[in-house]
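Beneath this line is the structure, given in structure tokens, with notes to follow.
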Amino acid sequence: MSKKLATIITDVPVKYDFTEAALASNDALYTQEAYLMCKKLEFKNLLGRFSVDAPKNNAQEHFNVIKTKAEAERIWKKVDEKPLAFMVIPNVDNKQESDGQMLLFAPAPKNAFAALAVAFSEEDIYLFITGDELAADDLIAHLFACKSKQLLTANLKSQLPYLKWINEQRAAEDWEAYCTQRNRFFERTVAAYLLNPLKGEYPCDDIAKDYLGLMVPGKADLLGKKTVAEVLAEDEKKAVDYACYEAYISWKSYPVLMESLKEQGMDKLFREIEMPLVFVLSDMERQGISIDADALKEYGEKLSVSIIELEQKIYEEAGEQFNINSPKQLGVILFEKMQLPNGKKTKTGFSTSAEVLEKLAGDHPIVADILEYRKLAKLKSTYADGLANYIDETGKIHTTFHQTITATGRLSSTDPNLQNIPIRIELGKMIRKVFHPLDGDLFVDSDYSQIELRLLAHMSGDKQLIEAFRENQDIHRSTASKVFHVPFDEVTDLQRRNAKAVNFGIVYGISAFGLSQDLDIGQKEAQGYIDSYFETYPKIKEFLDRTVAEAKEKGVTKTLYGRIRPIPELSSSNYMQRQFGERVAMNAPIQGTAADIIKIAMIRVHDRLIRENYKSRLILQVHDELLIETAEEEKDAVIALLEQEMQSAADLSVELAVGTETGYDWYDAH
DNA sequence: GCGATCACGTG
DNA sequence: GTACGTGATCGCG
């Protein structure tokens, strides 16, 4: 029966005439209609096969290229108070080689750019191209001086270096003017991120499709893999289309995005937190952090010595040479050749994760050596060598902070990622010694203590947890004491460790499976801990249940500041997916609210440092930590300022405790 | 050259 | 169990 069911019948009589099925021509298949369909369904691969262009929409007829002063003046005069969209088109990077030859023309002045796209009505869509007649400076001056109340754009942070005015008028005496200008900007990408933080990218064509029902060519359609500036020099029409569409869609989507933000109660979050933060992050990126390149090199060389030693030792123990960095080869050596026990945990072979190897450490000395090798190799490749690639001519590293990546509202950091510099293991932590302030300055580093558990206390209203925080107790010890019913002072180390794991679990969205993995215990035992925890803190259970129920009902979770996190997994037909959705629903409001709060603190700290004429500057954010570079004479004032703004960023039923350290490098300051 | 996979760094 | 980014390897085209 089963076999019959599963057997494919290959001789069903089907009438089919292949000649009739043949296409008259390729054009019959690649029609405009089919193009639209593929575009809508995001069949990006198929799209490349179309020779027909995207259907013309009216906007394109109004794209105008402006190169003369007279025309430009006439256009700027037309601008009224209604919103105006813009996009700066940077120059080709002069430092890069083109066709193997260095470009011969002199480097363009700093802040200069190739073109400026502007849109302020269905018909007024322009690309100003800089040259003999139009100077970049003049265009920016016009932009800031124009009557329009809102300046609409995308990827504002990357454009800010070109918007000279906003960077030069940041002194205390210009504070009001600076704020006035800052408040004019509306960022289409950030708005779209708040409305759906799951997408990861918010390109022009997606915004047009999602919010305007408009099909416009995507960046790759017009530019391929080249930059706008490169295309502008080769195929002006395509670059014009790209830039003008960007400006046009920013202009056109503004009312829709604004309305959606209001509808979902996120307009305040957008206006008061996310938009000002763009400027703060820009300043932090530009500031950068100084690196002792020599010390970094030395650190890498020391690692190299140890790595080579370990390598030799491992080869001897294995009896042959192989690539230790290859999990595949390593698996064969350990579990086939050396027959190490229960080579379990597989997917595409043996697992050689630290978790697995740690359990095998007693069986053969090679295991410990491999674990040690891995640690050193990671430090060397990712941190010692990795960071060295990012040091600029002035000895600094400038990371990029991303504001529209995470599902929860946190920031992320890339090129390089400065939010995952080692700290847990001493040898790794040493790398922080190469991060240092400028000569004579020092770091002030403050972090929120237990912010997520404090938020859990506040949001659930659980009296026990609130009380524990109010009394400033060791929170894990307090939890252990209550859950295991032992006096506070008699909590054992093991009890505290278990309680700590449960606390983490609660914040991450607990499951018996996860906790059992973390504590290396059985799932039943883990479930027992969870049950006792919820008996001790009934309000927390109520809160988490309520959060999940609400998420199931509405499809989203919300932070205290109204940030949403859609959870489509909750309506999945797959049990594991739904369970995942429930954990996410428990975690997102807590992690997200913490992200909201530190963003508020960042803006206030940044603004006060400027307004009150400090030389100190915000340098880094690491989720619950802020790093400031400060002058010695400002130290005490800046510590007070930083702590005050971080603590008062939110008014909760528990205090937002902040711990501060100072030092002449990041190792000492944290 | 690109993407998937594994492993591992942070909060 | 949450949230990320990067490096090395390996198989694919």
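Proteins come first, then strands; the chains are lettered A, B, ... in the order of their sequence lines, and each starts at number 1.
Salt bridge A:Glu274/A:Arg563: present, at least one basic N to carboxylate O contact under 4.0 Å. Under 4.0 Å is where a charged nitrogen must lie from a carboxylate oxygen, and between A:Glu550 and A:Lys558 no such pair does. A salt bridge is absent between A:Asp665 and A:Arg432; no separation between the charged side-chain nitrogens and carboxylate oxygens falls under 4.0 Å. A salt bridge between A:Asp283 and A:Arg286 is present, with a side-chain N of the basic residue lying under 4.0 Å from a carboxylate O of the acidic one. The pair A:Asp205-A:Lys219 does not meet the salt-bridge criterion, since no charged nitrogen lies less than 4.0 angstrom from a carboxylate oxygen. Note on A:Lys337 versus A:Glu320: salt bridge recorded, some NZ/NE/NH1/NH2 to OD/OE distance being below 4.0 Å.
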Exercise for the section: Starting at the 5' end of nucleotides 4-11 of chain B, put B wherever the base has a protein heavy atom under 4.0 Å, S where only the sugar-phosphate does, and a dash everywhere else. Expected result: -SSSBBBB

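Comparing C:dG5, C:dA3, C:dG1 against the side chain of A:Ile510 picks out C:dG1 as the nearest. Out of C:dA3, C:dG7, C:dT9, the shortest distance to the side chain of A:Thr382 is found at C:dG7.
A:Asp385 comes within contact range of no nucleotide atom at all, as no heavy-atom separation falls under 4.0 Å. Using a 4.0 Å heavy-atom distance criterion, A:Ala595 is classed as making no nucleic acid contact. Across all strands, A:Ala501 comes closer than 4.0 Å to base atoms (heavy-atom distances). As judged by a 4.0 angstrom heavy-atom cut-off over every strand, A:Gln579 is placed among residues making no nucleic acid contact. Residue contacts shown for A:Phe504 are absent, as no nucleic acid heavy atom lies under 4.0 Å away.
Residues meeting the salt bridge (Lys or Arg N to Asp or Glu O under 4.0 Å) test with A:Arg410, sequence neighbours left out: A:Glu452.
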Give me, pair by pair, the N or O atoms of the protein and of nucleotides 11-13 of chain C that are less than 3.5 Å apart, along with how far apart they are.
from   : atom 1 : to       : atom 2 : distance (Å)
C:dG11 : OP1    : A:Lys328 : NZ     : 2.7

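Atom CZ of A:Phe322 and atom P of C:dC10 are 12 Å apart (whole Å). Rounded to an integer number of Å, the gap from CZ of A:Phe513 to C1' of C:dT2 is 15 Å. Between the CD atom of A:Glu569 and the C1' atom of C:dG1 there is a distance of 14 Å, rounded to whole Å. Spacing between atom NZ of A:Lys599 and atom C1' of C:dA3 amounts to 13 Å, rounded to whole angstrom units. Rounded to whole angstrom, the span from the CG atom of A:Leu544 across to the C1' atom of C:dT2 amounts to 13 Å. Nucleotide C:dT2 holds its P atom 12 Å from the CG atom of A:Asp518, rounded to whole Å. What separates OH of A:Tyr575 from C1' of C:dG1 is a distance of 13 Å, to the nearest Å. One can place CG of A:Leu455 at 20 Å from P of C:dT2, the figure rounded to the nearest angstrom.
For A:Ser413 and A:Thr399, the side-chain atoms include at least one donor-acceptor pair closer than 3.5 Å.
Taking only side-chain nitrogens and oxygens, A:Ser413 never comes nearer than 4.0 Å to OP1 or OP2 of C:dG5. Dashed line: the shortest gap from a side-chain N or O of A:Thr406 to OP1 or OP2 of C:dA3 is not under 4.0 Å.
Annotation: cation-pi pair A:Lys429/A:Tyr667 present, NZ/CZ under 6.0 Å from the ring centroid and within 45° of its normal.
The six-membered or imidazole ring of A:Phe534 lies away from that of A:Tyr529, with a centre-to-centre distance of 6.0 Å or more.
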